[in-house]
Amino acid sequence: MEYVSTRDKSRKVSAAKAIATGIAPDGGLYCPTTFPLLAQEDWKSLLAMDYKARAAFVLGKYLTDFTAEELSDFAAKAYADDKFGGADTAPVVKLADGKYLLELWHGPTCAFKDMALQMLPHLLTASLRKTGETRTACILVATSGDTGKAALDGFANVPGTKIMVYYPVDGVSTIQKLQMVTQEGANVSVCAIRGNFDDAQSAVKRIFTDKATADKLDRQGMTLSSANSINWGRLAPQIAYYISAYCDMVTRGEIALGDPINVCVPTGNFGNILAAYFAKNMGLPVHKFICASNRNNVLTDFFANGAYDRNRDFFTTASPSMDILISSNLERLLFYVSGQNDKVVADLMGRLSTEGRYALTEELFANVRADFDAGCCDDVQTAHTIRTLFEDEHYLADTHTAVAVKVYEDYRARTGDVTPTVIASTASPFKFCQSVIEALGGTVTTDGVELLNQLSSLTGVPAPAPLAALRGKQPRFDRVVDKADILATTDLLATL
């Protein structure tokens, strides 16, 4: 399996090289040149496997310069029972009206990012060895809340790595911030940026493309890499959980092998739903992808009219991990729907950079619409959905999951499509205590970690152990910088 940049497919690299470097030299994103297909015998094998084995099997289709033994070892360590609360790593919960919630938040940081970021450190360190890289890998991460903590937890004290996480100072929940600023580990650092997630993401990309910074780090024996979903090693592990969810539904008798499903995902940077798109191209029978957005509905508009326009107001919402106007992984989708036309993609991304917008041709837009639908909802609708789910179905959802449920329900009512639908449940409700308490009609009477107790008392649902463990932890990081000063923060890497 070979990988090419979305903006220049003339130079091919191995999976290990794509993972080790994170982003292509031209600023494009690495993509496999083909989709490996799952044969009928593969599906029969997958049905009999547990999650760890399924993950290793799916990764083996893409990471052909890794051995089956390596990937099995990595999966066993990444998805160990004591990290994910048992062997059911990503359980599927059946609700009413064709809803199947794929719970992706049972890992150590209580968010779906754990599904990839517990695996990525193993993939990255192995990739560095395979490519002969001897320098320390400096992992830079921009986060809208969940990626940061998951990356910090995954890379903490991993030999040969250092990690720096940037988050928008007022753009994450109280619990998300506490998770990051109290992170333990000798090789970790956290920095807040004055601005929103797009500012943080753009600032990190600026570091990657700044030659002077790269040269300075090289002289210090360091090289840059990424743990954001622009890194193929972050995206690839996510493919497995859609295939695993389908297998679980088949083995439980809820669908037959070969029956179609829909997939609905609360979407910000587009990586999570793109992983499902990869699964479909491997043979997962997906009828429609439903892209769910909050009030920052740039993707909803894109799927409605084929024009992507980030020149709009940015809103801070109750679902902060989706407060994004530049969805980086959409570039990979454009690469495939254009027939891997790197020149088209480079032109579109150039327009986005200089003009803040681009529009697809009718042909390209038709290719996109063949697979995708989309919708959005605001905070009022999100809160109503949380309350209705709890009162009617006894299910406690976080704000991001609620966005997806509302958008799915709107889609079903609008289209009449009753295909069973897997909805990605991306975070524990206890990561967004204030919003969930208020949605349930409660009044917030405390702050900080004590919010966990209040939500638990209100609902009778215990707080996840990793979040409860935040009690008594003292913040280690309090640095806040302007986005213009981002390059100077890399000096901290030398001190870790």
- Note on the structure: For Pro266 and Met322, the nearest pair of non-hydrogen atoms, with its separation, is CB-SD, 3.8 Å
- Taken in chain and number order and not counting sequence neighbours, the residues that satisfy side chain to side chain donor-acceptor pair (under 3.5 Å) with Ser144 are none
- Non-hydrogen atoms of Leu352 and Tyr358 that approach each other most closely: CB-CD2, 3.9 Å
- If you round to the nearest 0.5 Å, how far is CG of Asp373 from NE2 of His287? 9.0 Å
- Could you check Asn272, Asn329, Thr147 and say which one makes a side chain to side chain donor-acceptor pair (under 3.5 Å) with Ser229? Asn329
- Task: Indicate whether any N or O donor in one side chain lies under 3.5 Å from an N or O acceptor in the other, for Asn231 and Ser226.
- Result: no
- Message: Run the salt bridge (Lys or Arg N to Asp or Glu O under 4.0 Å) test on Asp347 and Arg351 for me, step by step, so that the C-alpha distance in whole Å, both residues' side-chain angles and the decisive distance to 0.1 Å come before the verdict.
- Response: CA-CA 6 Å; Asp347 177 67; Arg351 292 177 185 275; 3.0 Å; yes
- Report yes or no: do Ser319 and Thr399 form a side-chain donor-acceptor pair below 3.5 Å? no
- Output, in order, the C-alpha distance, side-chain angles, deciding distance and verdict of side chain to side chain donor-acceptor pair (under 3.5 Å) for Arg412 and Tyr408. CA-CA 6 Å; Arg412 181 183 169 109; Tyr408 163 68; 3.1 Å; yes
- Are more than 12 heavy atoms from other residues, nucleotides or ligands located less than 6.0 Å from atom NZ of Lys343? no
- Item | Heavy-atom pair with the smallest gap, counting every atom of Gly271 and Leu235 | O-CD1, 3.1 Å
- So, Asp210 and Thr213: side-chain donor and acceptor under 3.5 Å apart, yes or no? yes
- Query: Are more than 12 heavy atoms from other residues, nucleotides or ligands located less than 6.0 Å from atom CD of Glu184?
  - Reply: no
- Query: Just checking, is any N or O donor in the side chain of Asp153 or Gln118 under 3.5 Å from an acceptor N or O on the other one?
  - Reply: yes
- Are the side chains of Tyr308 and Leu330 in touch, meaning some heavy atoms are under 4.5 Å apart? yes
- Query: So, Asp198 side chain and Ile324 main chain: donor-acceptor pair closer than 3.5 Å or not?
  - Reply: no
- Message: Would you say that more than 12 heavy atoms from the other residues, nucleotides or ligands in this model lie under 6.0 Å from the NZ of Lys216, or not?
- Response: yes
- Does Arg369 reach the main-chain N or O of Phe303 with its side chain, forming a donor-acceptor pair under 3.5 Å? yes
- Between Val141 and Ala151, which heavy-atom pair has the shortest distance, and what is it? CG2-CB, 4.0 Å
- Step by step, would you call Asp170 with Arg194 a salt bridge (Lys or Arg N to Asp or Glu O under 4.0 Å)? CA-CA 8 Å; Asp170 295 317; Arg194 296 183 182 93; over 6 Å; no
- Do other residues, nucleotides or ligands put more than 12 heavy atoms under 6.0 Å from Lys177 NZ? no
- Message: Please check: side-chain N/O of Ser127 versus main-chain N/O of Lys17, any donor-acceptor pairing under 3.5 Å?
- Response: no
- Look at Lys288 together with Asp417 and state whether they make a salt bridge at an N to O cut-off of under 4.0 Å. no
- Query: Does any non-hydrogen side-chain atom of Leu496 lie less than 4.5 Å from one of Val188?
  - Reply: no
- Item | Donor-acceptor contact present, side-chain Thr267 to main-chain Val265, <3.5 Å | yes
- Message: Has Gln179 got a side-chain atom pairing as donor or acceptor with Thr109's backbone, closer than 3.5 angstrom?
- Response: yes
- Query: Could you walk me through whether Asp215 and Lys211 pass the salt bridge (Lys or Arg N to Asp or Glu O under 4.0 Å) check?
  - Reply: CA-CA 6 Å; Asp215 290 343; Lys211 188 176 185 304; 2.8 Å; yes
- Item | Passing candidate, ring-ring contact (aromatic ring centres under 6.0 Å, His included) with Phe278, options Tyr241, Tyr242, Trp232 | Trp232
- Below 4.0 angstrom, N of the basic side chain to O of the carboxylate: do Arg295 and Asp323 qualify? no
- For residues Phe112 and His400, establish whether the separation of their ring centroids is below 6.0 Å. no
- Task: Answer yes or no: is there a donor N or O on one side and an acceptor on the other, between the side chain of Ser327 and the main chain of Gly268, under 3.5 Å?
- Result: yes
- Query: Under a 4.0 Å N-O cut-off, is there an ion pair linking Asp199 with Lys483?
  - Reply: yes
- Message: If the condition is ring pair (Phe, Tyr, Trp, His ring centres under 6.0 Å), which residues does Trp105 pass it with, not counting sequence neighbours?
- Response: none
- Got a sec, which pairs hit side chain to side chain donor-acceptor pair (under 3.5 Å) with one end in residues 441-456, sequence neighbours left out? Thr445-Gln454, Glu450-Asn453, Asn453-Arg471
- Task: Indicate the atoms forming the closest heavy-atom contact of Thr143 with Pro168, along with that distance.
- Result: O-CD, 3.0 Å
- Task: Determine yes or no for a side-chain-to-main-chain donor-acceptor pair under 3.5 angstrom, with Asp114 supplying the side chain and Cys110 the backbone.
- Result: yes
- Query: Within the distance-only criterion (no hydrogens, no angle test), does the side chain of Arg476 pair as donor or acceptor with the backbone N or O of Gly185 below 3.5 angstrom?
  - Reply: yes
- Do the two ring centres, one from Phe197 and one from Phe314, sit under 6.0 Å apart? no
- Task: For the pair Thr489 (side chain) and Ile486 (backbone), establish whether a donor and an acceptor sit closer than 3.5 Å, ignoring hydrogens and angles.
- Result: yes
- Item | Val461 to Phe430 - nearest heavy-atom pair and separation | O-CZ, 3.2 Å
- Task: Determine, step by step, whether Arg312 and Asn296 satisfy the side chain to side chain donor-acceptor pair (under 3.5 Å) criterion, reporting the C-alpha distance in whole Å, the side-chain angles of both residues, the deciding distance to 0.1 Å, and the verdict.
- Result: CA-CA 9 Å; Arg312 60 180 67 207; Asn296 294 296; over 6 Å; no
- Query: Taking the side chain from Asn341 and the backbone from Val344, do they hold a donor-acceptor pair closer than 3.5 Å?
  - Reply: yes
- Query: Do Asn367 and Ser338 have side chains that get closer than 4.5 Å, going by heavy atoms?
  - Reply: no
- Step-by-step salt bridge (Lys or Arg N to Asp or Glu O under 4.0 Å) determination, Lys431 to Asp146: CA-CA 9 Å; Lys431 297 196 76 168; Asp146 288 331; 2.7 Å; yes
- Item | Residues Asp410 and Lys406 bridged, charged N to O under 4.0 Å | yes
